[in-house]
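Throughout, protein chains are lettered first and strands after them, A, B, ... in sequence-line order, and every chain is numbered starting at 1. Bear in mind that the values here come from a model prediction, so they are computed numbers and not experimental data.
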There are 2 protein chains.
Amino acid sequence: MARVSNTVRIREALENAIVNGRFAPGARLDPAKLAEEFECSRTPIRDALQQLEASGLVRVHSKQGTFVSEWNVEELAERFEAMAEIEAICARLAARRITREELAELEARHEACRQLADEERIDDYYAENSAFHACIYHATHNGFIAKEAMRLHAMLQPYRRIQLQVRNRVKRSFDEHQAVVTAIRNGDDAAAAKAMRDHVLVQGDRFHDLLAALRSDAPHGPV
Amino acid sequence: MARVSNTVRIREALENAIVNGRFAPGARLDPAKLAEEFECSRTPIRDALQQLEASGLVRVHSKQGTFVSEWNVEELAERFEAMAEIEAICARLAARRITREELAELEARHEACRQLADEERIDDYYAENSAFHACIYHATHNGFIAKEAMRLHAMLQPYRRIQLQVRNRVKRSFDEHQAVVTAIRNGDDAAAAKAMRDHVLVQGDRFHDLLAALRSDAPHGPV
DNA sequence: TGCTGGTTTGTTGTATACAACAGAATGAGG
DNA sequence: CCTCATTCTGTTGTATACAACAAACCAGCA
C-alpha cells in the first residue's frame with residue numbers, strides 16, 4: 001500500500017479519538033496543539049478537520065474554533081431516525097442478498113456478542129456490536145449504501161457509547177439482534193427491516209430517557 | 001447575511017457548474033486555471049475541491065489530477081438504488097407529517113411540472129422536478145434526512161439530466177409524480193414509499209437502457 | 001527493434017507568513 | 001454605577017513558496 005498522506009493519517013487518528021470518547025462532544029480541537037502533537041504544520045491539520053466536518057464529526061464555527069459535533073435532543077432524534085431507516089434498508093437488502101459465507105460470519109459475530117453480553121464486558125460488546133452491524137452493511141452488496149451507513153454509524157458512536165451503559169441495555173440489545181439475525185436467515189426482508197428499525201429506534205428512545213434522567217438529577221426523582 | 005468565504009463561494013459555483021453540465025463527468029478540473037478564473041490563490045480552490053470530493057461530486061487522484069466523478073454502470077446502479085430507498089423514506093415520512101401549507105406547495109410544484117411537460121420545455125421541467133423532490137424532502141420534518149437526500153440528488157443530477165432526454169420520459173415521470181402526490185395527500189405512507197421507489201428505480205433502469213443504446217450507436221453489435 | 005535506466009515534468013502535499021474578522025476586555029464619559 | 005465606543009486578542013481565511021512524488025519521456029544499449 002502506498003504511504004498515506006499526513007492528512008488522512010491525522011483524520012483517521014482524530015476520528016478514532018472522537019469515536020472512542022477521548023474527545024467528548026463539544027470539546028475544542030485546537031489546531032496549534034494538534035499540529036504539535038502530530039509533528040506537522042497547521043495545513044494538514046486544517047485539511048483533516050475540514051474532512052471531518054464534511055463527514056459530520058466536527059463542526060467549525062468561523063473565527064471561533066473547531067469543536068467536536070454536539071447535537072441537541074432534537075438533532076439527535078433526527079439522526080437516530082435517519083440511522084434507523086438506513087439500517088432498516090440494509091437489513092432488508094441483506095435478507096435478500098446475503099451469501100452463505102456472509103451469513104456464517106454474521107452468526108459468528110452474533111455469537112461473540114452473546115459471550116460478551118454474558119460476561120458483561122461492555123466495552124468489548126460495544127466494539128463487537130459495531131462489527132455486527134458492519135457485517136449487515138456489507139451483506140447489502142451495495143458498496144455505496146454500506147459506506148453511508150458506516151459514516152452515520154461513526155457519527156452516532158459517541159452517543160451510543162453512553163447509551164449502552166443504561167441498565168440491562170446490553171442484554172436487550174442482544175435479544176433485538178437475535179430477531180434481526182433470524183429474519184435475515186429466513187430471507188424475510190420485511191421482518192428484517194422492521195426488527196432492525198425497532199432496534200435502532202429503541203436506542204434513540206432509551207437515549208432520550210437517559211438524557212432526561214441526567215438532566216433532572218437536581219430537582220426530584222431518583223437519580 | 002455575513003459575507004461568505006471564498007471557499008464556499010467557489011464550492012457552490014463549481015457545484016452548479018457540475019450539476020448543470022458545464023463540467024461533464026470525467027472532466028479535469030485544473031486548480032491553476034480555476035484560481036485564475038475565480039481570482040484567488042490555489043488554497044481556497046483546493047479547499048473547495050476537497051469539500052466537493054467529500055460530497056462525492058469530484059474525485060482527486062493523487063499526483064494525477066482532480067476530475068468530475070464518473071461512475072461505471074455498477075456504481076451508478078448502486079447510487080440509484082440508494083437514491084430510490086432514501087426517496088422512499090422521504091415520501092413515507094412526508095405522507096405522515098406534511099402540513100396543509102406544505103401539501104399546497106407540493107401540489108403547486110406538481111402543477112407547474114404539468115405545464116412544463118405539456119409544453120415540452122425539458123430544461124425547465126428538469127429544474128422544477130428538482131424543486132418538487134426538494135419539497136418532499138422538506139416535508140419529512142427531518143432536517144438531517146432532507147440534507148442527505150439533497151446531497152445524493154445533486155450527485156446524480158448530471159446523469160438524470162441525460163436521462164430525461166429519453167423519449168417520452170418527461171410525460172411518464174409526471175405520471176409517476178402524480179401517484180406519489182396522491183398517496184401523500186391520502187396519508188398512505190406505504191403507497192407513497194412504493195410509488196416513489198418505483199419512480200426513482202425506473203430512472204435507473206431507463207438510464208441503463210440509454211447507456212446501452214449510446215454504447216452501440218456506431219454500428220449495431222460489435223465495434 | 002525492444003528494453004532499461006535516468007531525467008524531466010506536472011501534480012499534489014506541506015510549511016509558513018500575513019490579512020481579516022468576531023468576540024472579549026477595557027476604558028472613558030454620562 | 002451603567003453604557004458605549006475602542007482596543008485587543010485569538011482564530012480562521014488566504015497567499016505563496018517549496019518539497020516530494022509518480023508518471024511520462026527520451027536516450028542509450030543489447
TODO: For the pair B:Phe132 and B:His110, name the ring-plane relationship: parallel under 30°, tilted 30 to 60°, perpendicular over 60°.
DONE: tilted
Task: Evaluation steps, side-chain contact (heavy atoms from CB on, under 4.5 Å), between B:Ser173 and B:His177 - done: CA-CA 6 Å; B:Ser173 169; B:His177 280 194; 3.9 Å; yes
Task: Positions of residues 40-51 of chain B (non-hydrogen atom under 4.0 Å from DNA chain D), listed by number - done: B:Cys40, B:Ser41, B:Thr43, B:Pro44
TODO: Decide yes or no on side-chain contact (heavy atoms from CB on, under 4.5 Å) for B:Glu111 and B:Glu107, but give the supporting numbers first.
DONE: CA-CA 6 Å; B:Glu111 183 55 32; B:Glu107 298 192 317; over 6 Å; no
TODO: Using atom CD of A:Gln64 as one end and atom P of D:dT12 as the other, report the distance to the nearest whole Å.
DONE: 10 Å
TODO: Pull out every residue in residues 52-61 of chain B that has a heavy atom closer than 4.0 Å to any atom of DNA chain C, ordered by number, or say none.
DONE: none
TODO: Round to the nearest Å and state the distance from B:Arg11 atom CZ to D:dT14 atom P.
DONE: 12 Å
Open item on the list: Can you pull out the residues from residues 25-34 of chain B that lie within a 4.0 Å heavy-atom distance of DNA chain D?
Closed with: none
Open item on the list: Any carboxylate oxygen within less than 4.0 angstrom of a Lys/Arg side-chain nitrogen, looking at A:Arg97 and B:Glu81?
Closed with: yes
Open item on the list: I'd like to know if B:Glu37 and B:Arg22 make a salt bridge, using a cut-off of under 4.0 Å between side-chain N and carboxylate O.
Closed with: yes
TODO: Could you go through the side-chain contact (heavy atoms from CB on, under 4.5 Å) check for A:Glu15 and A:Arg11 one step at a time?
DONE: CA-CA 6 Å; A:Glu15 208 170 295; A:Arg11 189 195 61 203; 4.2 Å; yes
Task: N/O (side chain, B:Asn6) to phosphate O (OP1/OP2, D:dG13) under 4.0 Å - done: no
TODO: Report the C-alpha distance between B:Glu148 and A:Leu152 in whole Å, list the side-chain angles of each, state the deciding distance to 0.1 Å, and finish with yes or no for side-chain contact (heavy atoms from CB on, under 4.5 Å).
DONE: CA-CA 11 Å; B:Glu148 290 294 302; A:Leu152 245 175; over 6 Å; no
- [ ] Indicate whether any N or O donor in one side chain lies under 3.5 Å from an N or O acceptor in the other, for B:His199 and B:Glu87.
- [x] no
- [ ] For the residue pair A:Thr7 and A:Gln51, confirm or rule out a side-chain donor-acceptor distance under 3.5 Å.
- [x] no
Open item on the list: Please determine whether a side-chain nitrogen or oxygen atom of B:Thr7 lies at a distance below 4.0 Å from atom OP1 or OP2 of D:dT14.
Closed with: yes
- [ ] Decide salt bridge (Lys or Arg N to Asp or Glu O under 4.0 Å) for A:Glu75 and A:Arg79; before the verdict, give the C-alpha distance in whole Å, the side-chain angles of both, and the deciding distance to 0.1 Å.
- [x] CA-CA 6 Å; A:Glu75 290 170 314; A:Arg79 279 163 178 78; 5.0 Å; no
Open item on the list: Using the side-chain heavy atoms of A:Lys63, tell me which of these nucleotides is nearest: D:dG13, D:dT14, C:dT12.
Closed with: D:dG13
Open item on the list: Could you check whether A:Glu120 and A:Tyr125, counting side-chain N and O atoms only, form a donor-acceptor pair closer than 3.5 Å?
Closed with: no
Open item on the list: Counting only side-chain nitrogens and oxygens, does A:Ser5 get under 4.0 Å of the OP1 or OP2 atom of C:dT12?
Closed with: no
